[in-house]
Amino acid sequence: MADSSAEDRGRLRGILERGGYTVAGEANDGVELVQLCEALRPETVFLDIPLRYLDGLSAAAYLRKEHLAELVFFVTGRSDERLVSAARDLGAGGYLVKPVTEKQLLPGLAAALARNRAMERIRQDCAEVERQISEHRTLERAKCAVMEREKLNAGDALDFLRRVAEEKRMPLLKIAELFTVLPGANPEQ
């Protein structure tokens, strides 16, 4: 967490610890926050907006860009709509105006963490689909190359690649990658 006020940091730490959360580190300025996040890779970062050296919005933008924290939560004395909008644009998990109570912070934090975990599962699912599509494209390019080189139809070209993979005891995808360098391997050209 980052706040220039030790008293505010202590109050927030108390709320979090009573809620069953662990506070991994505290910073009193934006640069120190970035250093802590680089070292600790926290799941959630709480920060004020007015911070010395690097304001909270700039620090949050850097943390998000560098993937140094999964969730950024602003706890600040500022309620200016421009700041709230800027925090929202940064993908903040929450924005609370001081003084913050347990009843305000803990339910919002729990909801934000659940939403963040659900989004991470979606990102992982998307990455898996992208991997499968990439593998399919590689296999299709290899089939085209084999069809042209060996004068085979699509089914026979796939069987050819499978036989080579089995004979060489290599994964089919690795064999397909090797065959994509053949002329005719890229049907879009």
* To do: Side-chain contact test, heavy atoms from C-beta onward, threshold under 4.5 Å: evaluate it for L158 versus L139 and give yes or no.
  => yes

* Structure fact -> Note: A112 and G93 closest approach over all heavy atoms is CB-O, 3.6 Å

* Any donor-acceptor N/O pair, S134 side chain to E130 backbone, under 3.5 Å -> no

* **Shortest non-hydrogen contact from A59 toward L33** => CB-CD2, 4.2 Å

* Structure fact -> Value for CD (Q35) from CG (D29), rounded to nearest 0.5 Å, stands at 8.0 Å

* Asked: Is any side-chain N of the basic residue among R163 and E166 closer than 4.0 Å to the acidic one's carboxylate O?
  -> no

* Asked: Counting only heavy atoms not in Q124, do more than 12 sit closer than 6.0 Å to its CD atom?
  -> yes

* Are K98 and D3 close enough that some pair of their side-chain heavy atoms sits under 4.5 Å apart? -> yes

* Are the side chain of R64 and the backbone N or O of E70 linked by a donor-acceptor pair below 3.5 Å? -> yes

* Applying ring pair (Phe, Tyr, Trp, His ring centres under 6.0 Å), which residue pairs with at least one partner in residues 113-171 are found, sequence neighbours left out? -> F160-F179

* Are V34 and L63 close enough that some pair of their side-chain heavy atoms sits under 4.5 Å apart? -> yes

* Asked: In terms of heavy-atom contacts, does CZ of R11 have more than 12 from other residues, nucleotides or ligands at under 6.0 Å?
  -> yes

* At what distance, to the nearest 0.5 angstrom, does CD1 of I49 lie from CG of L57? -> 4.5 Å

* To do: Could you identify which residues cluster with I133, counting Ile, Leu, Val, Met, Phe, Trp and Tyr as linked when any side-chain heavy atoms lie under 4.5 Å apart, either directly or through a chain of such contacts?
  => V129

* Structure fact -> Students should find that the hydrophobic cluster of V100, defined by side-chain heavy atoms under 4.5 Å apart, otherwise consists of M1, L12, I15, L16, Y21, V23, F46, L71, F73, V75, L96, L105, L106, L109, L113

* With side-chain contact (heavy atoms from CB on, under 4.5 Å) as the test, would you mind laying out the steps for R117 and E43 before giving the verdict? => CA-CA 10 Å; R117 289 180 184 126; E43 180 177 23; 2.9 Å; yes

* **Same apolar cluster (I L V M F W Y, side chains within < 4.5 Å links), L36/L47** => no

* To do: Might you work through the side-chain contact (heavy atoms from CB on, under 4.5 Å) test for E120 and N116, ending with a clear yes or no?
  => CA-CA 6 Å; E120 181 56 29; N116 202 56; 5.9 Å; no

* **In one Ile/Leu/Val/Met/Phe/Trp/Tyr side-chain cluster, 4.5 Å: L173, V164** => no

* Taking atom OG1 of T138 and atom NZ of K143, what is their separation to the nearest 0.5 Å? -> 12.5 Å

* Asked: Less than 4.5 Å apart, any side-chain heavy atom of T76 and any of Y95?
  -> yes

* Structure fact -> On a heavy-atom basis, the closest approach of E102 and P107 is O-CD, 3.5 Å

* Answer yes or no: is there a side-chain heavy-atom contact under 4.5 Å between R52 and S4? => no

* To do: For side-chain contact (heavy atoms from CB on, under 4.5 Å), just list the numbers for R41 and L68, CA-CA rounded to whole Å, side-chain angles, deciding distance to a tenth of an Å, and then say yes or no.
  => CA-CA 5 Å; R41 302 290 175 151; L68 295 176; 3.1 Å; yes

* **Test side-chain contact (heavy atoms from CB on, under 4.5 Å) applied to N28 and R9, step by step** => CA-CA 9 Å; N28 66 11; R9 286 195 313 270; 3.3 Å; yes

* Asked: Does one hydrophobic cluster hold both V97 and V72, with members joined at side-chain heavy-atom distances below 4.5 Å?
  -> yes

* To do: Answer yes or no: is there a side-chain heavy-atom contact under 4.5 Å between C144 and R141?
  => no

* Going by distance alone, is a donor N or O of one side chain under 3.5 Å from an acceptor N or O of the other, for Q132 and E128? -> yes

* Asked: Can you name the closest pair of heavy atoms from M147 and A157 and give their distance?
  -> CG-CB, 3.5 Å

* For the hydrophobic clusters of this structure (ILVMFWY residues joined by side-chain heavy atoms under 4.5 Å, transitively), does one cluster hold both L40 and V31? -> no

* **Interatomic distance, E32 atom CD to C37 atom SG [nearest 0.5 angstrom]** => 11.0 Å

* Determine the minimum heavy-atom distance between D48 and G77, stating which atoms define it. => OD1-N, 4.0 Å

